[in-house]
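Before any comments, here is the structure.
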Number of protein chains: 2
Amino acid sequence: MSASVITYAGGMVRWEPGTRERLQAAALDLFATRGFEQTTAAEIAQSVGLTERTFFRHFPDKREALFHGQELFVAAFLTGARESQAGAPPLEVVRAALASAATFFADERRPHSRRRQTVIDANPALQERERHKMVGLADTLGDLLRDRGVAEPAATLAARMGTTVFEVSFATWIAAGEERSMAEIQSAVFAELVALAQDR
Amino acid sequence: MSASVITYAGGMVRWEPGTRERLQAAALDLFATRGFEQTTAAEIAQSVGLTERTFFRHFPDKREALFHGQELFVAAFLTGARESQAGAPPLEVVRAALASAATFFADERRPHSRRRQTVIDANPALQERERHKMVGLADTLGDLLRDRGVAEPAATLAARMGTTVFEVSFATWIAAGEERSMAEIQSAVFAELVALAQDR
DNA sequence: GTCTATAGTGCGATAGAC
DNA sequence: GTCTATCGCACTATAGAC
């Protein structure tokens, strides 16, 4: 497949790097234009000069083409939590995780995030995967809190509150006309959560 | 399929009632013994004397065989919210929803819930569907809160806290050795949530 | 109730990198 | 020689179309 190889000075041929990223970009484009279900894995692969079989070597299923690459966000979120002050109350650890994660949602990223979310919002199967990833993150954060000595059910609750604040904040951040930074929005949402628990 | 019809006095033949329930029970049994992915829709159908086609007439996809029947729980949850005192703070509406939902988790139901959850816990695809349903419930509760005049993001946050308390409580309720009632557990988890927001 | 498209898997073959 | 990315082919099961 000539499109998937590049030629070096010496005439030697190698597989073009960044295959996964090209597949991802092609998948987002096709999902956005034709719709997720109307796009076959073969079409995505062909659009970058590869075969369906290769697509499935890179992604365990079609949905994952939209979710690979979130590892950096997850890493930032957990690093923020890990680096928070020892002995801090659970919600302060959560706040640190959120602040760290916010660095990944710079303003330049907003258009791409909007585009991607539009695709997800249009497909229940993609929404299911997105929730699943978020719960996985909450579970990991819960483990981290338990390692720091937080008891149950506080650890699980605090972790879930963290991902909930993130999800609500993210939805706000990509809303039409929204211009505040992710960090600003998260602070406001977090404050609202605390206020809710007190207004009773 | 003789197993799926019954004969009435007059000799007339009709579809045996409870087809969906029998399919559901068979699905749970097979998923529990062979595993979800190792069980085909055709096998489930055949085990109650029906065809694959009939299975998909009752359930839009294989996973739904495990999730149909949750409508009563959802209805109880939302009814509890609707019947809470007008003007009550958001978390009080949530508390009412939880209290109402708890009536569906009587002690007799615990063994069945445990069995079902074991199957779900063993399969990511089923977990994804379960999360999705729970988020759908949170969304509906959020709508209800907004209808009652709760602003954003408070409505969404309160609703999500409700389903989170439910999920954590349910997991506790079916844990090995647990004997407290669902209502008791929910109260404890709810109190823990409020305490978390105050300990800062 | 049958027919078909597509997701996803398993395995063998190829070809370049090392 | 090993390792890794790819292709190609055969196959099953889901799910939807007819």
Side-chain angles (χ1 to χ4, degrees), chain A residues 1-28 30-31 33-68 119-120 122-129 132, chain B residues 1-5 13 15 19-20 23-24 26-28 30-31 33-68 119-120 122-129 132:
Chain A
M1 302 291 135
S2 63
S4 65
V5 295
I6 53 176
T7 306
Y8 285 84
M12 294 170 66
V13 159
R14 216 190 226 185
W15 300 114
E16 188 170 352
T19 303
R20 185 164 307 178
E21 288 68 24
R22 286 182 298 125
L23 280 168
Q24 277 194 263
L28 177 56
L30 288 169
F31 292 168
T33 55
R34 298 185 199 173
F36 174 73
E37 294 185 333
Q38 284 64 49
T39 304
T40 69
E43 285 171 339
I44 299 166
Q46 282 161 22
S47 79
V48 294
L50 297 169
T51 66
E52 181 188 51
R53 195 69 190 80
T54 302
F55 177 91
F56 285 111
R57 237 180 54 78
H58 285 277
F59 308 107
D61 62 64
K62 202 172 76 167
R63 288 177 287 171
E64 274 306 290
L66 261 190
F67 290 96
H68 259 274
V119 171
I120 294 172
N123 287 96
L126 293 172
Q127 291 163 40
E128 290 191 25
R129 176 59 52 85
H132 190 67
Chain B
M1 301 289 141
S2 63
S4 65
V5 295
V13 162
W15 295 113
T19 302
R20 184 164 307 181
L23 280 168
Q24 277 195 265
L28 178 57
L30 288 168
F31 292 168
T33 55
R34 297 184 200 175
F36 174 72
E37 293 185 334
Q38 285 64 48
T39 305
T40 69
E43 284 170 340
I44 299 167
Q46 282 161 23
S47 79
V48 293
L50 297 170
T51 65
E52 183 188 50
R53 184 68 184 83
T54 304
F55 178 91
F56 284 110
R57 233 173 40 79
H58 285 278
F59 307 108
D61 61 65
K62 203 172 74 166
R63 288 178 286 172
E64 277 302 303
L66 263 189
F67 291 96
H68 260 274
V119 171
I120 294 173
N123 287 98
L126 293 172
Q127 291 163 40
E128 290 192 25
R129 177 58 53 87
H132 190 68

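Values below: every heavy atom of this structure, side chains too, minus hydrogens, waters and symmetry copies.
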Taking every non-hydrogen atom, the tightest pair across A:Pro60 and A:Glu64: CG-CG, 3.7 Å
Shortest non-hydrogen separation from B:Phe67 to B:Leu126 and the atoms involved: CZ-O, 3.4 Å
For atom CZ of A:Phe55 and atom C1' of D:dG8, their distance in whole Å: 18 Å
For the student: nearest non-hydrogen atoms of B:Arg34 and B:Thr39, plus distance: CB-OG1, 3.7 Å
Protein proximity profile, nucleotides 6-12 of chain C - base contact B, sugar-phosphate-only contact S, no contact -, cut-off 4.0 Å on heavy atoms: SSBBBB-
Nearest non-hydrogen partners of B:Ile44 and B:Leu23, listed with the distance: CG2-O, 3.7 Å
Distance below 4.0 Å between A:Thr19 side-chain N/O and D:dA5 OP1 or OP2: no
Gap between atoms CD and P, on B:Gln46 and D:dA13 respectively (whole Å): 11 Å
D:dA5 phosphate, OP1 or OP2, under 4.0 Å from A:His58 side-chain N/O: no
Nearest-0.5 Å distance, CD of residue B:Glu43 to CG of residue B:Leu30: 7.0 Å
Distance (rounded to the nearest 0.5 Å) between B:Glu52 CD and B:Lys62 NZ: 10.5 Å
